[in-house]
Structures are given as C-alpha cells and as structure tokens.
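Down below is the structure, laid out as structure tokens.
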Amino acid sequence: MRLLSTRGLSAPVDAPEAVLRGIAPDGGLYIPDEIPAIPPQELWGADFCSLAQRILCAYLPGYTEDEIRLCVQRAYYHTFDTDEITPLRAVGNQYVLELFHGPTAAFKDVALSILPQLMGAALKKKGVHEDVMILTATSGDTGSAALTGFCDVPGIRVLVFYPEQGISPIQRAQMTTMRGGNLHVYAIRGNFDDAQAGVKRIFAQMPADFCRAHGFTLSSANSINIGRLAPQIVYYYDAYLKLVRAGRIQMGEPVDFSVPTGNFGDILAGYLARLSGLPVGRLICASNANNVLTDFFNTAVYDKNRPFLTTTSPSMDILVSSNLERLVYLALNRDAAAVRERMEQLRNQGRYALPEEAMARIRACFTGVCASDQEGMDAIARVYRDHGYLMDPHTAVAWRGMEKAGTGSAPCVVLSTASPCKFPACVLTALGQSVPQDAQAQLDALTSLGAPLPRALDGVLQRPVRFSDVIDPQDMMAYVQGKAASK
Ligand SMILES: *Cc1c(COP(=O)(O)O)cnc(C)c1O
C-alpha cells in the first residue's frame, strides 16, 4: 500500500514520508491507495493500545510493527488520566465517548500524543538530519496539544498561530505558558481561517533555497496530516467493541456516531473506520452556527461565502474544513483532476458543487445538522438535569445534533471532544449559574457542580505567561523565516 495525494500531481509515498510532509507538494492530502480491511470480529477483546497497533500498522505502510509498537507505548502509557484512554459513558439511552482525558483535556491529544512519535521515527528511518519546523494554525485545542506533544522533541520546532479573539482564557493560558525551548506561540489579528490561510500560504511560498540554506523542512501538525487522522480511527473501533462486549449490540449491528465537527478530521476517521469494515451506521456531522457543512450535505454545494461567526464552540468556528477534501476525493471515485478543479473553485470563488452520484454516496452515510449556541446551552442544562452529566459546548452541539437527526434503532455515540472545564463560563451560563469574573473562580464553581477537574488544567491559570506576541497574518512568513534563521 502507498499513500496518494488527493490532487494526483505528487508521487505516491510511504507513511513516514507523508507524516513528515503533512501536506502533499501539489497541495493535496495523502490517502491510502486502497483502504485496508480491518474486520472488527478479529479484534473482539482488544484494548485501546492493541487496536491502535493493528489499525496504525494497516493505515501507515512503511513503519515496522516494532516502530508502531514503540510509538503507541510512548504516546499512551500513563499519559492519559485513565488507562482506558477514551472511556465510553452511558448517558440516558445513548453514549458519550470521552476523548478528553489526555494531557491538554481535549480530543486532539489522542492524535497529537502519537504524531510526534511517528515523526521522530520517520526522521530516524529516513536518516533526515535537517530540523523539522512544524507550523500549526489552531482554533484553540490543536495548539496546546501540539505544543505538549512536541515539547522538547529533538530536531523538531513548533510554531503555533492562534486567533487573538475567540479562544477561552484557559485555552490561551495552556498555550502561552508552555515551556519547551523548541516552542513558539503567536496570536494572529484575525480568525482561525486567517491563521490557517496564512500557514497554507507559507507552505506554498516558502522558497526552497531558504529552507536548504537554513537546514530545515516545513511540516504541519494540523489534522490534515495522515499521522493524525489514522489514530482517530482507533476510538471508533474501541467504542464499537465496548458496546458489543456490554451486550448492547451484536457484532455486525450498526452504531451511529454524532461528531462535533470543525476541520472534518474527527468524523472522517469514522468514515475510514466504516470503509475498513466497522459497522458504522450514520455519521451525524454536527456543526455550530458556522454551518457550511450542513448546507453542503443538504445542497451538494460547499459555499464559504458567508460571515464567519464567533460561537461558544470556538474549535468548530471554521469555514473551510480541510479534511473534507478526502471525502470529496473518495466520493468522486478518486478522480484527482475533478478534485483539483473543485479546490481551484474553492480558492477562486469560495464555492464548489458535487455531482448527484457523488452526493448520493456521501448521503448514504452522512447527515448534516447544526445547532445554535442557544440550542447547545439548552442541551447542556437538560442533560445535566436529566442525567447529572456535564457536557462542554462542543459536545453539546453533537448531542443536540443527535436529537435533531433523530435516533433510530441503532445506539448513538456522541463524541465528546473537550472537558467542560475548558469552557467554564459557557457551561455555568447554560446551567443558569452566576459566572464569576475570574477564570479560576469559574473553574472552581464548575468543579463544585461535579465536573471532574482534568489533571491538565490544575494550576494552568497561575503559570507565568511566556508568549505574548500579536501579529498580522501577512507577517507570518517573516516570523517563520526569522525563527528559522535564529538557531
Ligand atoms: C478540533 C475540535 C473539534 C473539531 O474536530 P475536527 O476534527 O476539526 O472536525 C471539535 N471539538 C473540539 C473541542 C476540538 O478541539
């Protein structure tokens, strides 16, 4: 198996190469030339790490089994606050899959705990002696998860760009107080899309001789990296097998998943799980008021020409969902020229349409729904009242999405992507509680209502701030070049 670019103009590569590159030279995203079959029947009793071993070996050709084993061990042994890694909770008649037990209390830890290991192994394997400079645009959670995952990894530097407005005080503190000599953090005057567009521009425009002269290559830790996508397949299998072992379903019966969606990485992993043979029923793509994807599933037109809205679920405030390109590629029967044409239209006109046959293929699995901030807050209050369970605002969008899509006979698993403690002001407001001014007092108020305080957030607001630069998106290139030249 090899990995191909969705735009078809770059040579096929093995997984270590794809992990180091992040994005393909033609601007496309890497995807296996053939989706590997991974029958869940063979994995009945497997725990998270055994599943990760099996799935990563299948999806990341070019790494040996021993290399993968070491990566999995380093990523997940004793780094999460539960040995289950991603526990599944029954809430009413449905389920919540808690993906936030990692070192920064958000789901991105699942993938960003192992990506640095996969990159380290790839550097060694390929005998690369250059430094790798990782550029990451973040809507909040990717930044801290990447900074934590890569902290002091030799040969790798990380530059994180986050939107100045629109992230929570705790998210900001998690990034701006990071230690690690190889880490740099900048606030951008603009929104997440401005930060992401800036990073893409640097990849496209960084002169090759500048990289050579300063001995580094660029890479990305964003969710387009195949080394981030593949580990996310693991918890779909894990949740499914837990439901089988609990007797809730028979092996082979479908399970629906409702996924709070931004860049479309999390939910795409669910689709890959389905293509690999996991009986995934519906994938409910839950968006907040930035409902580009909802409209796409309903109308076959992806149109980002609309106002960017700041919501209470900032990690989903996205108008260009990069990973959707992989779904489009698969739905267009791997016609890379047709993908190129659409990505060109997206760049020039901000929109593209898919033909009906492609859309039919997508709709056979995906349902798009959106929930407003108010609907999310109502869901937080209701689920707390009825079940004593506290959700964060992202999870709430997916919960509300499940309700709107309608539950069928299959059980539905709602993916929970952040601890409620990352967004205490919003959760307290939803519950009708008064909201203290001070972020630490908010956190204390929430934990006193029964939200377990993640180890990751203990004391974060008291740590000294190390990074305070605020820059314009058009200056990002200059900052990156400055850092590259300054070692
Ligand atoms: C990143 C993130 C999402 C969106 O996930 P995608 O893979 O980008 O769709 C949802 N919720 C939280 C809390 C996140 O950090």
Side-chain angles (χ1 to χ4, degrees), residues 29 86 96-112 115 136-149 160 162-163 166-168 170-171 174-175 192-193 195-196 220-226 228-233 235-236 257-273 283-288 290-294 296 311-327 366 368 370-371 376 391-401 414-423 426-427 454 456-457:
L29 310 190
T86 55
V96 174
L97 179 59
E98 294 185 349
L99 303 177
F100 56 75
H101 288 273
T104 74
F107 107 93
K108 294 190 171 64
D109 288 326
V110 178
L112 281 167
L115 180 69
T136 293
T138 181
S139 54
D141 290 333
T142 304
S144 44
L147 293 164
T148 306
V160 165
Y162 71 89
I167 68 167
S168 83
I170 292 176
Q171 288 178 311
Q174 282 185 293
M175 289 190 275
F192 170 71
D193 283 319
Q196 180 161 264
S220 151
N222 273 41
S223 65
I224 51 173
N225 195 308
I226 188 79
R228 262 187 75 178
L229 188 58
Q232 295 178 352
I233 300 169
Y235 45 76
Y236 285 91
F257 291 87
S258 183
V259 187
T261 297
N263 222 2
F264 210 75
D266 200 3
I267 197 167
L268 186 77
Y271 190 61
L272 294 177
L283 285 169
I284 300 165
C285 177
S287 300
N288 63 24
N290 293 295
N291 57 0
V292 188
L293 287 165
T294 318
F296 168 69
T311 73
T312 54
S313 42
S315 297
M316 299 157 65
D317 289 346
I318 291 177
L319 293 181
V320 179
S321 299
S322 303
N323 271 295
L324 187 66
E325 181 169 340
R326 289 188 168 106
L327 178 64
F366 287 90
C370 58
M391 299 184 296
D392 100 291
H394 302 78
T395 310
V397 168
W399 184 278
R400 185 68 196 127
V414 173
L415 272 58
S416 177
T417 46
S419 158
C421 291
K422 283 193 97 163
F423 304 94
C426 172
V427 177
L457 303 184

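Ligands are counted one by one from 1 in listed order, and the atoms in each one are counted from 1 as well.
Distances below 4.0 Å separate heavy atoms of Thr261 from the following atoms of ligand 1: 9 (O). Atom numbering of ligand 1 starts at 1 in the shown order; those under 4.0 Å from a heavy atom of Ser315 are 2 (C), 12 (C), 14 (C), 15 (O). Near Ala418, meaning under 4.0 Å from any of its heavy atoms, are these atoms of ligand 1: 13 (C). Atoms of ligand 1 lying under 4.0 Å from any heavy atom of Phe264, numbered from 1 in the order shown and given with element: 6 (P), 8 (O), 9 (O).
Checked against a 3.5 angstrom limit, the closest N/O atoms of Gly265 and ligand 1 fall inside it. Between Ser223 and ligand 1, no pair of N/O atoms sits closer than 3.5 Å. On a distance-only criterion, Asp266 and ligand 1 share at least one N/O pair closer than 3.5 Å. Between Phe107 and ligand 1, not a single N/O pair is under 3.5 Å apart.
In this structure, Phe107 and Tyr235 have perpendicular ring planes: the angle between them is above 60°, well past the 30° mark. Using bins of under 30°, 30° to 60° and over 60° for the plane-to-plane angle, the ring pair Tyr271/Phe366 lands in the tilted bin.
The nearest protein atom to atom 13 (C) of ligand 1, hydrogens excluded, is given as Asp141 OD2, 3.1 Å; this is a heavy-atom distance. With respect to atom 11 (N) of ligand 1, the closest heavy atom belonging to the protein is Thr417 OG1, 2.7 Å. Of the protein's heavy atoms, Gly262 N, 2.8 Å lies nearest to atom 9 (O) of ligand 1. In this structure, the protein non-hydrogen atom closest to atom 8 (O) of ligand 1 is Asn263 N, 2.7 Å. Closest protein heavy atom to atom 3 (C) of ligand 1: Lys108 NZ, 3.6 Å.
Thr104 and Asp109 form a side-chain donor-acceptor contact under 3.5 Å, judged by distance and modelled atom types alone. Side-chain contact check for Ser223 and Asn323: at least one donor-acceptor pair (N or O, by modelled atom type) lies under 3.5 Å.
Ring pair Phe296/Phe264: centre-to-centre distance not below 6.0 Å.
Side chain of Arg326 to backbone of Ile224: a donor-acceptor contact under 3.5 angstrom is found.
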**OP:** Start with the C-alpha distance between Arg228 and Thr142, add both sets of side-chain angles, then the distance that settles side chain to side chain contact (heavy atoms under 4.5 Å, CB included), and finish with yes or no.
**Re:** CA-CA 11 Å; Arg228 262 187 75 178; Thr142 304; 3.3 Å; yes
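Residue contact check for ligand 1: Pro260 places a non-hydrogen atom closer than 4.0 Å to it.
Separating the CG atom in Leu29 from the CD atom in Glu325 is a distance of 4.5 Å, to the nearest 0.5 Å.
Here the shortest heavy-atom pairing between Ala286 and Val397 reads CB-O, 3.7 Å.
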